[in-house]
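Below: one structure, written as structure tokens.
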Amino acid sequence: MAELYGTSVPNIVQIMRRVLADEEVTEATINSELVVRAEGTRQVRREIKVYNLDMILAVGYRVTTPRAVQFRQWATTVLSEYLIKGFAMQDERLKDVAAADYFDELLERIRDIRASEKRFYQKIRDIFATTSADYSGTSDTAKTFFATIQNKLLYAVTGQTAGELMVKRGDAESPTMGLTTWRGQQVRKADVTISKNYLTADEVSELNRLTTMFLDFAEDRARRRQQILMAEWVQRADAFLTFNERQVLAGAGGISATAAEARVGQIYAEYDNRRRAVQAEEARRQEERDLAELLEIERRDRHGGGSLDQDASAG
């Protein structure tokens, strides 16, 4: 680190002590390794300290050398890009297959963002505005198609529509009501009407991949200015799924969205009552444990006090 930041070892040691004292990082940033070094004609084993990236960065923000200033200028540029754009990328490293490869992880996260409900809906509206001769931003056509295409993509992955999935997987006796993801620390009513929350990690990955493939297909038509009527888009979606050897949903499915939400609402009410009962029982048991601990402390105090009195009398 002294060589990296162009300073002395004692200076680095002092800075690390201040970093640890301020609890900017913890001792977990420091490890030890045994190394064998040649000292004259002898091979000597010595223990050296190794510091992880958290400590190295923390030190870099406190050293005052010109080299450290260069580091902070670079770090500030990256941080500014992250805060403004929401991401910061090192393109050349991602292109380098010999480096540590995080490209697949990055691609998976991009798919998840692109397939999110709000971004997917906005992109569908943009594509319609470009390619559909009869599209109107004031009509419910885009919203209706959005629900339709969501159902088709979900069915292609799970064999069920959104409504069927929620009703089948919603489980009042499950600790999470059958959900695999949700916002906050516990499941809320708003979480249970989002079909994607019931999917496994593999199903989410597959759905994201299929959704982004469809968006690429639709955006390609938009870029080539190929006009199409709104009603024809459903046929194009079916053709897309057929080409990708996916099962195609015919019709609207076995349960309507309204009926599914009503049924899931009933399941949630039962689930919430069970959860409250469990929490109340756990609170009661905790009170009993706390009371037992207090009684035990009081018993020990009485026993200890009695022994002291007896000792004093004997004396």
Side-chain angles (χ1 to χ4, degrees), residues 1-33 48-127 180-186 188 190-191 194 196-197 199 201 204-205 207-209 211-213 215-216 219 223:
M1 270 190 281
E3 182 179 354
L4 175 66
Y5 293 123
T7 187
S8 65
V9 172
N11 188 31
I12 293 293
V13 172
Q14 290 180 8
I15 291 173
M16 285 194 296
R17 287 173 181 168
R18 293 201 300 269
V19 168
L20 292 171
D22 292 342
E23 298 183 347
E24 185 175 337
V25 298
T26 66
E27 293 282 354
T29 59
I30 305 173
N31 202 349
S32 296
E33 291 184 3
I48 63 170
K49 288 185 177 180
V50 179
Y51 306 93
N52 72 12
L53 187 58
D54 292 347
M55 175 63 84
I56 296 170
L57 294 176
V59 170
Y61 273 98
R62 298 196 181 211
V63 180
T64 58
T65 62
R67 185 60 175 168
V69 171
Q70 290 179 333
F71 159 73
R72 288 193 289 273
Q73 289 172 337
W74 168 81
T76 300
T77 300
V78 174
L79 182 59
S80 295
E81 184 176 14
Y82 172 77
L83 292 174
I84 294 171
K85 297 182 180 179
F87 67 89
M89 292 176 58
Q90 191 174 354
D91 296 16
E92 293 306 317
R93 180 173 180 179
L94 290 170
K95 293 175 184 177
D96 185 3
V97 295
D101 194 355
Y102 298 102
F103 181 76
D104 288 341
E105 178 186 344
L106 173 64
L107 194 58
E108 192 75 18
R109 291 168 67 177
I110 290 174
R111 287 195 190 109
D112 188 59
I113 294 169
R114 198 176 182 210
S116 62
E117 186 167 311
K118 289 182 179 179
R119 185 158 290 279
F120 183 38
Y121 181 51
Q122 182 60 50
K123 181 57 67 175
I124 287 293
R125 292 183 61 182
D126 293 343
I127 291 171
T180 58
T181 56
W182 59 90
R183 288 182 176 274
Q185 296 182 343
Q186 63 180 14
R188 301 291 185 184
D191 299 314
I194 300 174
K196 199 172 182 178
N197 286 348
L199 299 180
V204 169
S205 179
L207 179 62
N208 289 343
R209 188 167 58 252
T211 300
T212 55
M213 287 169 61
L215 285 175
D216 284 339
E219 285 180 343
R223 287 181 179 273

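Only heavy atoms go into these numbers, but all of them, side chains included; no hydrogens, no water, no symmetry mates.
- From Q122, atom CD reaches atom CD1 of I127 across 10.5 Å, with rounding to the nearest 0.5 Å.
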Can you give each donor-acceptor pair under 3.5 Å made by side-chain atoms of residues 90-99, sequence neighbours left out, with the distance rounded to 0.1 Å?
unit_1, atom_1, unit_2, atom_2, d
D96, OD1, A98, N, 3.0

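- With a 4.5 Å cut-off on side-chain heavy atoms, R188 and R183 do not count as touching.
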Item to check | Verdict with reasoning, T77 to E81, per side chain to side chain contact (heavy atoms under 4.5 Å, CB included) | outcome: CA-CA 6 Å; T77 300; E81 184 176 14; 5.7 Å; no

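- Taking CG from N11 and CE from M16, the interatomic distance works out to 10.0 Å, rounded to the nearest 0.5 Å.
- Proximity of a side-chain donor or acceptor of T180 to a complementary backbone N or O of N197 within less than 3.5 Å is detected.
- Residue N31 holds its CG atom at 10.0 Å from CD1 of I48, rounded to the nearest 0.5 Å.
- Residues E219 and R114 are paired through a salt bridge, judged by an N-O separation under 4.0 Å between the basic side chain and the carboxylate.
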Checklist entry - Can you list the steps and then say if V25 with L20 is a side chain to side chain contact (heavy atoms under 4.5 Å, CB included)? => result CA-CA 6 Å; V25 298; L20 292 171; 4.3 Å; yes

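- Residues Y51 and T29 are not in side-chain contact: their nearest non-hydrogen atoms beyond the backbone lie 4.5 Å or more apart.
- Checked for salt-bridge contact, D216 and R223 miss the test: no charged N lies under 4.0 Å from a carboxylate O.
- Counting heavy atoms of neighbouring residues, nucleotides and ligands inside a 6.0 Å radius, atom CD of Q186 exceeds 12 of them.
- Using modelled atom types, one side-chain atom of Y5 and one backbone atom of I56 make a donor-acceptor pair closer than 3.5 Å.
- The NZ atom of K49 sits 5.5 Å away from atom CD1 of I30, with the distance rounded to the nearest 0.5 Å.
- Remark: E105 engages R109 in a salt bridge (Lys or Arg N to Asp or Glu O under 4.0 Å) (not counting sequence neighbours).
- V59 places a side-chain heavy atom less than 4.5 Å from the side chain of I12.
- Considering CE of M213 and CZ of R111, their distance stands at 9.5 Å, rounded to 0.5 Å.
- G6 and T65 make their closest contact through O-CG2, 3.4 Å (heavy atoms, listed as atom of the first residue, atom of the second, distance).
- In this structure the side chain of L106 reaches within 4.5 angstrom of the side chain of M89, judged on heavy atoms.
- Judged purely by atom type and a 3.5 angstrom limit, D22 has no side-chain atom pairing as donor or acceptor with the backbone of E24.
- Looking at every heavy atom in both residues, N52 comes nearest to A28 through ND2-O, 4.1 Å.
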Without placing hydrogens or testing angles, list every side-chain donor-acceptor pair under 3.5 Å for residues 69-76, not counting sequence neighbours.
unit_1, atom_1, unit_2, atom_2, d
Q70, OE1, R67, NH1, 2.9
R72, NH1, G60, O, 2.7
R72, NH1, V63, O, 2.6
R72, NH2, V63, O, 3.0
T76, OG1, R72, O, 2.8

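- Surrounding CZ of F103 are at most 12 heavy atoms belonging to other residues, nucleotides or ligands under 6.0 Å away.
- For the side chain to side chain contact (heavy atoms under 4.5 Å, CB included) criterion with D112, the lone passing option out of L107, T212, V204 is V204.
- The nearest pair of heavy atoms linking K196 to A115 is NZ-O, 3.9 Å.
- To the nearest 0.5 angstrom, K118 atom NZ is 14.0 Å from I113 atom CD1.
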